[in-house]
Amino acid sequence: MSSPNDSEIFNPSPEVLEQANVPEYEAMYDYSITNREGFWADQAETLSWFKKWDTVLDESNAPFYKWFDGGSINIVQNAIDRHLGNANRNKMAIIWEGENGQVRNYSYNGLNREVCQFANTLKSMGVNKGDIVTIYMPQIPELIFAMLACAKIGAIHSVVYGGFSTEALASRIDDAQSRVLITADGGWRRGRQIDLKSIANEAMKRTPSIEVCICVKNNELDVEMEPARDFWLHDLKALPIASSKCETEQTSAEDPLFILYTSGTTGKPKGMLHTHGGYAVYTSTTHRMAFDIKPQDRWWCAADPGWITGHSYIVYGPLINGATIMLYEGAPNYPYPNRWWQIVEKYGINILYTSPTAIRGLMRFGDRWPQKHDLSSLRLLGSVGEPINPEAWRWYHQVIGNNKCPIIDTWWQTETGGFMVCPLPITPLKPGSATKPFFGNEISIVDDDGSEVPAGEEGKLIIKNPWPGMARTIFKDDQRYADLYWSKRDNIWCYLAGDSAKKDEDGYIWVIGRMDEVLKVSGYRLGTAEIESALVSHPQVNEAAAIGLPHELKGNAIHTYVILKQGQTGSLELELELKEHVSKELGKIATPEAVAFVDSLPKTRSGKIMRRVLKARALGQDEGDLSTLEE
Ligand code: WTA
């Protein structure tokens, strides 16, 4: 991969400039900084509130900020209910295509019916406002119905990505102490049925809190259902109680909407908590402005709803904006590498938002696959999850976007809820840079002492203000939230993102990557701690370390170092077994690329593994400061 060049600039075309929702950046940005609360109040005014807020931003207990406090709003009132009284009622809300070619469509009215039925079903199972429901599903419409049904009745959803496995699911259920789990018999991938229910069954054995499991039928797997605990959704929906009318709960702006677990610096995943009000304002505003959303748009965010990208930009932002969303369950190159381009052509997709890994993966099949299709409906393209390398950027721009679609490279995190650094369609683009801060955000690159570094130098990315989409806390761990993310510099609370970045002479931000023990593998966020603990749960392993090393397709690949228990010896067979073990415990996405058997690991005197040293050694680089290394 070549390194980015900050003088390569792509200017927007006259057509893009002509139809831009936001025709000018600088003046609006200045306004959003000097009058942050006014800017966000203007955006909040575009939503439907049961009761307006008393204060836009309450900073009295910083860094525990409150947005739109005193207001009453339910995100579902905005994502569905308010569309039912206008022209959106019969507009397509969701187009879903399954891998085997099956298609299902839902209008906003149809979506409402499904969500009401699901919400009534949850109520009949004793789910109340404030209860946490865990959802573990493939990419099918019912996953979206389940999320919205929870939100509608004021319950909190905790979605666990369907590609995760037993231990990942069990630990998340356990942390949330969910009483209800919503899952499916299975999903489809490359023509094969993926069994989810038996993973769910195994997870339920490891954690005692689940009393009710609602299962959606999605394929033909013969699954084990435990009487009095497990119920088929279609059976429940047939009961009179599951009527298609359900009042939307009047939640407060600061009431929790969901928890999403994400990997952090150490230990177990953190349940990032987001709320109804600020999150609705932030996701809809960022989506509308950065992607120039028009009423007729067909929007395809090809992520999984199980990650933050899916929460914010498959489900909530686009539905609040009344867009038509595309959802596809299956592999991008199944049965052939033109599957995605076929979908773009068939449904007339206007905006495609995906990850650099997916772009690189499709790019390797060559230009002839996309060139077989009419992709002229595309107006904008987006990228997220990891830095995009300029080759992939240019290919996306030329071959997919026919040189006319701006590439909206969005930098953000599970914690931020929505885009923090991204261009608008009118922004001159530099391949590999997410460009400038989104409105309301002041972003600096600082050194270890918190002083701003000169242009072109690498440092830590910090955000010097609160924003409505920010996570409010780590579930059950306020202290950890405050300690991990926030610190005061010059009397201003600053959010530390955990990424290193540079700012160039033009103020463009170039994100380099994580500085902590978080790995981005194919755009998926994993923690070294989770991978290491999965390895150590194998009976022959004593100790393990995981690092990420550069990989052409995946961005990073997982490399692991293992110390075996006394008397055990490493072998190719054991290496394969350990890879399989991690895949079974955590999920396929966490499977190590390599397992090296070692006698010792570099550690600090206090016993912390120095992954930085392992990485430098693997890359043949300077090992840096070794003064804290144990003798
Ligand atoms: C990385 C995903 C460069 C970054 C939305 C961040 C990016 C982490 C970009 C969060 C981008 C995300 N350019 N890096 N456009 N977008 N990242 O929580 O390291 O799964 O800290 O949220 O992804 O990952 P998460």
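Ligands are counted one by one from 1 in listed order, and the atoms in each one are counted from 1 as well.
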At a 4.0 angstrom heavy-atom cut-off, ligand 1 is contacted by I308, T309, V384, G385, E386, P387, D409, T410, W411, W412, Q413, T414, D499, V511, R514, K520, R525

Taking only residues two or more places apart in sequence or in another chain, which ones pass side chain to side chain donor-acceptor pair (under 3.5 Å) with Y481?
-> W486

Hey, is E8 close enough to K430 for a salt bridge, meaning N to O under 4.0 Å?
-> no

Counting heavy atoms not belonging to K270, are there more than 12 under 6.0 Å from its NZ?
-> yes

S444 side chain to K464 side chain, donor-acceptor N/O pair below 3.5 angstrom = yes

R611 to Y561 six-membered ring, cation-pi geometry met (6.0 Å, 45°) | no

Applying side chain to side chain contact (heavy atoms under 4.5 Å, CB included) between V582 and each of T560, L535, T591, report the one that passes.
-> L535

